[in-house]
Protein chains: 2
Amino acid sequence: MRLTERKVAAILRQHSYKLTPQRRVVIQAIASNQDHLTPTAIYERVHQHHPSIGFVTIYRTLEILAQLGLICELHAGGSCRSYTISAPGHHHHLICSNCSRVIDFTGCELGKVEQDLSSKTGFRIEGHLLEFIGLCQACQREAT
Amino acid sequence: MRLTERKVAAILRQHSYKLTPQRRVVIQAIASNQDHLTPTAIYERVHQHHPSIGFVTIYRTLEILAQLGLICELHAGGSCRSYTISAPGHHHHLICSNCSRVIDFTGCELGKVEQDLSSKTGFRIEGHLLEFIGLCQACQREAT
DNA sequence: TTCTAAATGAAAAATATTTTCATTTAATAA
DNA sequence: TTATTAAATGAAAATATTTTTCATTTAGAA
């Protein structure tokens, strides 16, 4: 279950960040769709209805949201810096390579792989990055 | 088993790319160590001994090597565009978050997860991105 | 050794990101 | 409500990254 705008706003406030109209708008842009968006794409969306908002504010807001885990940074979808709204708990993403739609999923089943890796290499493993990429149903049809 | 400089050079030639001294040097920079390197880091290394080599050549060479699957692009290690020498077959990477050392591994065991995902979402899955990040033994000791 | 398509380097252009700083404002406290 | 203040904003400049362009050079085939 993805985080709602309301929830993101509440968490921002809990961490004593101010809830400015600009931040609301950025959060809304990200939370109100299923896609992943680059900073530039977010800027463009937001700018249409709020022309006074600056690029710097986008970047600053993204940094805060990412740091609090309220948005996730994706890598497999072409751009290396592309964001989607987060969800509670450990989860990963399935991304449509055509339309950028993002589906969350849980249950990555990597515990055993991680243990094996750790014992074989001596690494203390801190985390992992997992994304699946593919074509969603709509885009499969479209591709004929 | 990682690709050797010799092997990378041979594959380049097989695809009728010219084996220029500049390309050799870039390949060597990447193949001769265990780390992942950004284009800038590669440029700096290469530039020390070959000051005439240009940034553009680095980028162009990286693009070719990546396209042929001779180098892998990593994401979890901080930079979003960082390369390490490839290995034959399906494999993934374990990265030290402190020293950038990269360990390859096989057996990601994601077939079942992929099938589940595919049947639940209707996606035609094209691939996945998997990286583990952690601290290697040397860096664990160093961190006391 | 010659030839030619491919590759190179330098410079400029385009794009992306961060820093700086004067001004504005959200949210607390009075 | 209003005053206060630390935090946030926007604009501009600085920096970093990546791509394009083009005249010159060169690897490798003939």
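Note that this is a predicted model, so its numbers are computed, not measured. Per chain, numbering begins at 1; letters A, B, ... match sequence-line order. Reckoned from all heavy atoms, side chains included, excluding hydrogens, waters and symmetry mates.
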*Asks:* Find out whether A:Glu142 and A:Asn98 are in side-chain contact, i.e. whether some heavy atom of one side chain is under 4.5 Å from a heavy atom of the other.
*Replies:* yes
*Asks:* Is the phosphate of D:dG10, meaning OP1 or OP2, less than 4.0 Å from a side-chain N or O of A:Gln22?
*Replies:*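 It does, given that an N or O in the side chain of A:Gln22 lies less than 4.0 Å from OP1 or OP2 of D:dG10.
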*Asks:* Send over the distance from A:Leu19 CG to C:dT25 C1', rounded to a whole Å.
*Replies:* 13 Å
*Asks:* Indicate, with a heavy-atom threshold strictly under 4.0 Å, whether B:Tyr17 touches base, sugar-phosphate, or nothing.
*Replies:*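 Sugar-phosphate only.
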*Asks:* NE2 of B:His47 versus C1' of C:dA10: gap in Å, rounded?
*Replies:*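 These atoms are roughly 12 Å apart.
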*Asks:* Has the side chain of B:Arg13 got a donor or acceptor atom sitting under 3.5 Å from an opposite partner on the base of D:dG28?
*Replies:*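 Checked by distance alone, the answer is no.
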*Asks:* Whole angstrom is fine here: how far is it from CG in A:Leu62 over to P in D:dT9?
*Replies:* 12 Å
*Asks:* Pick the closest DNA chain D nucleotide for B:Thr40 and for A:Gly54 by heavy atoms, then say which residue is nearer the 5' end.
*Replies:*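 Nearest nucleotide further toward 5': that of A:Gly54.
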*Asks:* Set out, in order, the CA-CA distance, both residues' side-chain angles and the distance that settles side-chain hydrogen bond (donor to acceptor under 3.5 Å, both in side chains) for A:His128 and A:His92, then state yes or no.
*Replies:* CA-CA 10 Å; A:His128 59 262; A:His92 294 287; 3.1 Å; yes
*Asks:* Find the distance A:Arg24:CZ to D:dA8:P and express it as a whole number of Å.
*Replies:* 14 Å
*Asks:* What's A:Pro21 touching, base or sugar-phosphate or nothing? Going by heavy atoms closer than 4.0 Å.
*Replies:*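 Sugar-phosphate, backbone atoms only, no base.
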*Asks:* Compare side-chain N and O positions of A:Thr57 against OP1 and OP2 of D:dA8 and report whether any pair is under 4.0 Å apart.
*Replies:*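 Looking at the OP1 and OP2 atoms of D:dA8, neither is under 4.0 Å from any side-chain N or O of A:Thr57.
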*Asks:* Provide, to the nearest angstrom, the distance between the CZ atom belonging to B:Arg60 and the P atom belonging to C:dT8.
*Replies:* 6 Å
*Asks:* Nearest 0.5 angstrom please: B:Asp35 CG to B:Cys99 SG, how far?
*Replies:* 6.5 Å
*Asks:* Between A:Tyr59 and B:Thr61, which has a closest nucleotide on DNA chain C that is more 5'?
*Replies:* B:Thr61
*Asks:* Within the structure shown, what part of the strands sits under 4.0 Å from B:Arg81 by heavy-atom distance: base, sugar-phosphate, or nothing?
*Replies:*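 Sugar-phosphate contact only - B:Arg81 comes under 4.0 Å of backbone atoms but never of a base.
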*Asks:* For B:Lys18 and D:dT26, what is the distance between atoms NZ and P respectively, to the nearest whole Å?
*Replies:* 11 Å
*Asks:* Expressed as a whole number of angstroms, how long is the span from A:Arg23:CZ to C:dT25:P?
*Replies:*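 About 15 Å, once rounded to whole Å.
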*Asks:* Taking only the side-chain heavy atoms of A:Thr20 (C-beta and beyond), determine which of D:dG10, C:dT8, C:dA26 contains the nearest atom.
*Replies:*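 Taking heavy atoms from C-beta onward, the closest nucleotide is C:dA26.
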*Asks:* For the pair made of CD1 in A:Ile64 and C1' in C:dA26, what is the distance, rounded to whole Å?
*Replies:*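 Value for this atom pair: 14 Å.
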*Asks:* Closest-nucleotide mapping onto DNA chain C: is B:Val56 or B:Ser16 further toward the 5' terminus? I mean the 5' end.
*Replies:*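 Checking each residue's closest nucleotide, the 5'-ward one belongs to B:Ser16.
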*Asks:* Between B:Tyr59 and B:Tyr43, is the ring centroid distance below 6.0 Å?
*Replies:*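 No - the distance between ring centres of B:Tyr59 and B:Tyr43 does not fall below the 6.0 Å cut-off.
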*Asks:* Within the structure provided, determine whether B:Pro39 and B:Tyr83 are in side-chain contact (heavy-atom separation under 4.5 Å).
*Replies:* yes
